[in-house]
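Below: the structure, in structure tokens.
FYI, side chains are in, hydrogens and waters are out, and symmetry mates aren't considered; it's all heavy atoms of this structure. A quick note: this is a predicted structure, and the numbers were derived from the prediction, not measured. Here is the naming used below: chain letters follow the sequence lines, and residue numbers restart at 1 for every chain.
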There are 2 protein chains.
Amino acid sequence: MPSPSSPQRRPGRPRAGSEDKRARILAEAFRLFAEKGFAATSLGDVAAAAEISKAGLLHHFGSKEGLYTAVLEQRDADDFVGMTDIGDDVWAYLDTWVDLARDNARSPEMVRLYSAMAVDGVEADHPAHRWLHQHFARAVEATADAFEQGKAAGTVHPDAPSHELARTVVALSDGMQLQWLCARADAAADGREVTATPDHTGLPLDLAAQMRLVVDLIAARWRRPA
Amino acid sequence: MPSPSSPQRRPGRPRAGSEDKRARILAEAFRLFAEKGFAATSLGDVAAAAEISKAGLLHHFGSKEGLYTAVLEQRDADDFVGMTDIGDDVWAYLDTWVDLARDNARSPEMVRLYSAMAVDGVEADHPAHRWLHQHFARAVEATADAFEQGKAAGTVHPDAPSHELARTVVALSDGMQLQWLCARADAAADGREVTATPDHTGLPLDLAAQMRLVVDLIAARWRRPA
DNA sequence: GAATTTATCGACCGGACGGTCAATAACTTG
DNA sequence: CAAGTTATTGACCGTCCGGTCGATAAATTC
């Protein structure tokens, strides 16, 4: 006699208007991959979280790798750096990097997922590699372009090494995220409440402020009055 | 009749003067963890590489986690940033960061292992977390100390934010390693020979040069003539 | 309303993985 | 030389994992 308080689903197509399971699975997979990493998250974990069977999950995504790439593609849609219309003001564009850091500080799961994918993806045969490669290429090129346009507009010293500076901004963003995640985990483990509010996190590391510092460093060296 | 060309070992203690299996296992584990990541490397893989049985491996290290921490401890012994005698010249100390980047470019497996551990270790309950925390703390504090000593010696502007600059250097080092690994994997996948020589790698990314760039950026803003 | 398509399930499979155990052979100690 | 210790093996175990298969039921098409 099945308990009436656990109305488990029977096989068969669900009634119309039911939850969009595919979206639910993507959301839960995103969360779990970010929390525990890709390799350490099983299809069973994701299925349980999405309240569907493993077989049901595979029906939608075919394989674990299929699920992974679907999550990646969805995340790519949210990725806005390299997309924003930069105009020709590099320094305003660099501010969007600082803003991005501030946004990231609000969604540590996202940061965790990104970092995990970034390390997994360095291997050329990994499913995430193509994604990572494009991500780096887009971010670096967009930023380098911004510097070049700044030179054309006269707001950047013509000797500034655009490409190398762009790489620096991207690397700093990634590396700082690692330190921030580590500090955050420490704080959480110590039982200290880690507030979700972005402006004062109580952490010894302010993601946005650190980005600001480097942007200012670059500006101090290469900015030209317009 | 066992082939004479495959003299497989029989059970029992090996003859005196044989290979130091423990060291061999550590070396192979290091290599494999770096190549494929911790989770994706099985005890069987390591055992096969070290030419010992799985049971023999477990005899030395007790568990997979035991092996992991042993590898970590060995790596720590080689970790020299934060250890070097910095004297009171920050700018010379920052050069050791550039040198470290140059060294790292010679051992991509090391870089890969470090990056993998860095991401795994952000989780507070992961076996590598303590290691990562100490690693960050040591690197940042040593560098921050160097800036502070520079202030005392008068070679650094008193308003320089030592701690934040230190974090920047560490983050840049980590983040740039990620881009470098990615670029390297791309080059290797394209069949282009990736030369082991450090001075010209043929890569679109020179690890040491990128570090140099940021060090110069910091110096341009905060250095004081002695 | 019959046939088809779609979403879901439970059961199952083959394999890998981390780990245990008893046996064996070389050294170490008495 | 006998007893104990140490390094090693092959065989085995329980578990979990990614994936397949056939059944089922709602929705859709004809």
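Legend: residues meeting side-chain contact (heavy atoms from CB on, under 4.5 Å) with A/Ala166, ordered by chain and number and at least two apart, are A/Val140, A/Thr143, A/Ala144. With sequence neighbours excluded, the residues forming a side chain to side chain donor-acceptor pair (under 3.5 Å) with B/Gln210 are A/Thr168, listed by chain and number. Scored by the side chain to side chain donor-acceptor pair (under 3.5 Å) test, B/His133 finds A/Asp186 as partners (sequence neighbours excluded). B/Arg112 meets the salt bridge (Lys or Arg N to Asp or Glu O under 4.0 Å) test with A/Glu123; sequence neighbours excluded. Partners of A/Lys64 under the salt bridge (Lys or Arg N to Asp or Glu O under 4.0 Å) rule, at least two apart in sequence or in another chain, do not exist in this structure. For A/Phe33, the ring-ring contact (aromatic ring centres under 6.0 Å, His included) partners are A/Phe38, A/Tyr68, not counting sequence neighbours. Scanning for side chain to side chain donor-acceptor pair (under 3.5 Å) contacts around A/Lys54 gives an empty result, with sequence neighbours left out.
Taking atom CD1 on B/Ile25 and atom P on D/dT8, their separation rounds to 7 Å, with Å as the unit. Atoms NE2 (B/His59) and C1' (C/dT24) sit 14 Å apart, rounded to a whole Å. Between the CZ atom of A/Phe61 and the P atom of D/dG19 there is a distance of 14 Å, given to the nearest Å. With rounding to whole Å, B/Glu65 atom CD is found 16 Å from C/dC17 atom C1'. Whole-Å rounding puts the A/Asp20 CG to C/dT6 P distance at 16 Å. Computed from coordinates, the B/Ile52 CD1 to D/dA7 C1' distance equals 8 Å when rounded to whole Å. The interatomic distance linking A/Leu57 (CG) with C/dG10 (P) rounds to 14 Å, in whole Å. As a whole-Å value, the separation of B/Tyr68 OH from C/dG18 P is 14 Å.
B/Asn104 and B/Tyr114 share no side-chain donor-acceptor pair at under 3.5 Å.
In this structure, B/Arg212 pairs ionically with B/Asp95, as a charged nitrogen and a carboxylate oxygen lie closer than 4.0 Å.
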Tabulated below should be each protein N or O lying under 3.5 Å from an N or O of nucleotides 11-17 of chain D; please produce it.
none

Pairs: protein N or O with nucleotides 26-30 of chain D N or O, under 3.5 Å:
unit_1	atom_1	unit_2	atom_2	d
D/dA26	O4'	A/Arg13	O	3.0
D/dA27	OP1	A/Ala16	N	2.4
D/dA27	O4'	A/Arg13	NE	3.3

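Identified under the salt bridge (charged side-chain N to carboxylate O under 4.0 Å, His left out) test for residues 28-41 of chain B, with sequence neighbours left out: B/Arg24-B/Glu28, B/Glu28-B/Arg31, B/Arg31-B/Glu35, B/Lys36-B/Asp45. Counting only residues at least two apart or on different chains, no ring pair (Phe, Tyr, Trp, His ring centres under 6.0 Å) pair has a member in residues 44-66 of chain A.
Counting only heavy atoms from C-beta on, A/Ser63 has its side chain closest to D/dG19 among C/dG10, D/dG19, C/dG19.
Remark: nothing in residues 26-40 of chain A comes within less than 4.0 Å of DNA chain D through any heavy atom.
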